[in-house]
Amino acid sequence: MSKALDYAHRAATAWIDGLDERPVAARATHENLAAVFDGPLPEMGSRSEDVIAWLTRHANDGMVGSSGGRFFAWVIGGCLEAALAADWMVATWDQNAALHACSPAASVIENVAGAWIKDLLDLPREASFAFTTGCQLAHSTCLAAARHALLKRAEWDVENEGLFCAPAMTILASEERHGSIDRAVRYLGLGRRAIRLLATDAAGRIAPSTLEQALSRQSGPAILVLNAADLNIGVCDSFTELIPMAQAAGLWVHVDGAFGLFARASGAHRHHLSGVELADSWATDGHKWLNIPFDCGIAIVKDQEAHRAAMTMSASYIAAQPSARDQIDWNPEWSRRARGVPVYAALKELGRQGVEALIDRCCSHCKALVDGIGALAGAQVLAPATLNQGLVRFNRRGDTSERNDAFTDEIIQKINATGEAFFSGTTWRGRRAMRVSVVNWRTTERDIARAIAAARVVLAQSHDASVV
Ligand SMILES: *Cc1c(COP(=O)(O)O)cnc(C)c1O
């Protein structure tokens, strides 16, 4: 039995068992960590178990407790136990999941995991998919398929001719889009200036009249990117209205559903995403709401031909063995880990009902957290909980908006310093706010109560009678 593996197993179990007790924020500073880890490249090696012992002993304090239930910053997600253990096995098997020939089991399991995801999210069953490193690369994959299809229609072979001299393309996107859209557009050589921002209405959605106006000024190949859901306030665009309008004008519609797409698995929440199935491509994450370990994104494309043409290495668009999936035909990577296997494990652990319960639980915890903190003296709900996201702000009576921006950041920092909970800040409609994001299967009512109690103590200490 390998001592290193044995040590890692024990350290992993201790880490998980300690999540409830440990402060959520990292304890070690950058300087502490640099002092421990920095140093010259070792001339001599060490025993494998000593390396693991040393790493886990010194790294833990510099880790953030984002895999635990009291972490509400950004949109991070935890890991389900079957997914985590399957991920260990993926590393252990060490398959190159690029070709069926390199790993028949990885190919078949990923194929089934992709079908299960389309079923769970109720997206077209004939769509193709790829398990990428994250939603960022899922965007790149989907938009590469869009680029292929739109330019082919304009009689331009982008895979062979490249983009110099190609017809210009436009990307219409919400002003509230995630920055990964801009990066995908850059990576694909379309350039950020190709993005035309669409204003959102009071609810945070693109109004049909806004899209109509943009379409009337639009000529040439174009993509529309919609949100499912907005990263700050969890709002989804009005797919039923917007998608047919855009498609009638010849646009490819891509949906950023990094976390929000999983609300399709919930009977109580799927109405937010009505019509999303009409789009041409969807990018989402396994490592956020599905609680797969990092790194796992998912690209889904309705036009299989376009997807394959944009990614494949083979000149032929017909698989030698149609039932055997060569991941390299669909993925931007060459060598890659079998990251669809933890997805398969998670879906087998939870089942459809378990995913629905996970989604519903996170949404109700988010509402309790936003309402609970929002009700404290000095707090204000800026955006009530929608799905699993909400925004809270902190104010001192009589202070200017700028000073309350700083006060909001100060309160976030002080809550994080208690170690009881961890939140991140954002700027929303020109004002600072605290994001409340619940995406971890481990979060319990007790975690929510601890977070609200921590906010209460910090607010009580941070002001006097002057709080609104
Ligand atoms: C996290 C996120 C992304 C980027 O996803 P990665 O998996 O980090 O690449 C894109 N869009 C939204 C809305 C997100 O929340």
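Just so you know, ligand 1 is whichever comes first in the structure, and atom 1 is the first atom listed for that ligand. Position 1 is the first residue of the sequence, and the numbers go up from there.
When ring centroids are compared, His307 and Trp330 come within the 6.0 Å threshold.
Annotation: salt bridge (charged side-chain N to carboxylate O under 4.0 Å, His left out) contacts involving residues 357-369, sequence neighbours excluded, comprise Lys367-Asp371.
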Could you pull out the N/O contacts under 3.5 angstrom between ligand 1 and the surrounding protein atoms?
unit_1	atom_1	unit_2	atom_2	d
ligand 1	5 (O)	Asp285	OD2	3.3
ligand 1	7 (O)	Cys135	N	2.8
ligand 1	7 (O)	Asp285	OD1	2.9
ligand 1	7 (O)	Asp285	OD2	2.7
ligand 1	7 (O)	His287	NE2	2.8
ligand 1	9 (O)	Cys135	N	3.2
ligand 1	9 (O)	Gln136	N	2.7
ligand 1	11 (N)	Asp256	OD1	3.1
ligand 1	11 (N)	Asp256	OD2	2.7
ligand 1	15 (O)	Lys288	NZ	2.9

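Contacts of Trp15 classified as side-chain hydrogen bond (donor to acceptor under 3.5 Å, both in side chains), with partners at least two apart in sequence or in another chain: Ser67. Checked against ring-ring contact (aromatic ring centres under 6.0 Å, His included), Phe394 has no partners two or more places apart in sequence or in another chain.
Of the possible donor and acceptor atoms, none in the side chain of Glu176 sits under 3.5 Å from a partner among the backbone N and O of Asp230.
Using bins of under 30°, 30° to 60° and over 60° for the plane-to-plane angle, the ring pair His287/Phe294 lands in the tilted bin.
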